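For reference, the structure is listed below as structure tokens.
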Amino acid sequence: MTAPIVRSLPELRAMTKAWHMAGETIGVVPTMGALHDGHLSLVAAAKSRADRVIVTIFVNPKQFNNPEDLANYPRTEHEDARKLERFAVDAIYVPDGDTMYPQGFSTTVSVDGLTDVLCGAHRPGHFDGVATVVTKLFTQTSADLAFFGEKDFQQLQVVRRLARDLDLGVEVVGCPTIREIDGLAMSSRNLLLSDRARVKAPIMHEVMEGIAEALGRGEAMSDLYPAAEKRLMNADFLSIDYLELRACDDLSLLDRPTRPARLFAAAHLAGVRLIDNIDVPLLS
Ligand code: AMP
């Protein structure tokens, strides 16, 4: 069943108002399009939890700190709508730039602390852009539930915090990372990898799994880092933005997983920035 593509906010509001009047819950899945099985797993989770499901597609200029990255970002609306057919979602909301940021738009939502590290430290303004657009999408869609991937774990924590701090009344649900068969985390940016780079890309996840295993045996991150860096460099990764062990809740830096922690990585391969994060066993 083809879902209606909704481009105007008044049209969206008319739909969500009718659903809420009928006592139905609304789940939203915010995306930037170029949908893959990772996105679709969020849609499946939303379908199982909410009476009505809205998938949003908006390539948000405010969260790109690099104009070239924004220009190159894949846009595949027709294909995306086709991929959503089997889920029978209730609406695909595709606002344009003027709907999201009309002339004179001057409000920024900014989450302190959690955004100082990892991608926040390497992509100035990125999380302000994310927090601002997510706040708008939550209010525009009148969502009761919102589904985000652990693939972007820092983003998930930022969104949880803003929903709580601003009393948005949205339950933020985190969903596990979906991977290709060789371990590479699915990402719209994988479409930009050359054939040669695509072969090397899963090495980042492989290196991370090795570190997680060693951390579980009691080794320290600081001792494991040099060999991991060398392996990535040998695999043509040009620069590593970060490869760090951090606490799940407040993202503070750790050397050993003495509290619930994840291993986070971001590195550049043939002009594409790949990010990933995995769970690590807790040291008893
Ligand atoms: P994006 O379109 O990249 O902004 O992603 C939209 C949503 O899909 C975010 O909540 C992402 O965390 C989530 N997502 C992206 N890739 C994956 C993946 N491989 N597995 C699970 N969720 C994902």
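Indexing begins at 1, ligand by ligand and atom by atom, following the structure's order. Predicted model only: the values in this text are computed from it and were never measured. No hydrogens, no waters, no symmetry mates; every other heavy atom, side chains included, goes into these values.
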With salt bridge (charged side-chain N to carboxylate O under 4.0 Å, His left out) as the test, would you mind laying out the steps for Arg273 and Asp69 before giving the verdict? CA-CA 10 Å; Arg273 185 173 184 272; Asp69 189 22; over 6 Å; no
Tell me whether Arg262 forms a cation-pi arrangement with Phe153, defined as NZ or CZ under 6.0 Å from the six-membered ring centre and within 45 degrees of its axis. yes
Over 60° means perpendicular and under 30° means parallel, so tell me whether His122 and Tyr242 are parallel, tilted or perpendicular. tilted
Walk me through whether Glu85 and Arg82 qualify under salt bridge (charged side-chain N to carboxylate O under 4.0 Å, His left out). CA-CA 5 Å; Glu85 273 173 18; Arg82 205 187 50 73; over 6 Å; no
Quick one: do Asn60 and Tyr101 satisfy side-chain hydrogen bond (donor to acceptor under 3.5 Å, both in side chains)? Show the steps, please. CA-CA 10 Å; Asn60 175 31; Tyr101 304 120; 2.6 Å; yes
Is any side-chain N of the basic residue among Glu209 and Arg179 closer than 4.0 Å to the acidic one's carboxylate O? no
Protein residues near ligand 1, heavy-atom distance below 4.0 Å? Pro30, Thr31, Met32, His36, Gly38, His39, Leu42, Tyr73, Phe148, Gly149, Lys151, Asp152, Gln155, Pro176, Thr177, Ile178, Met186
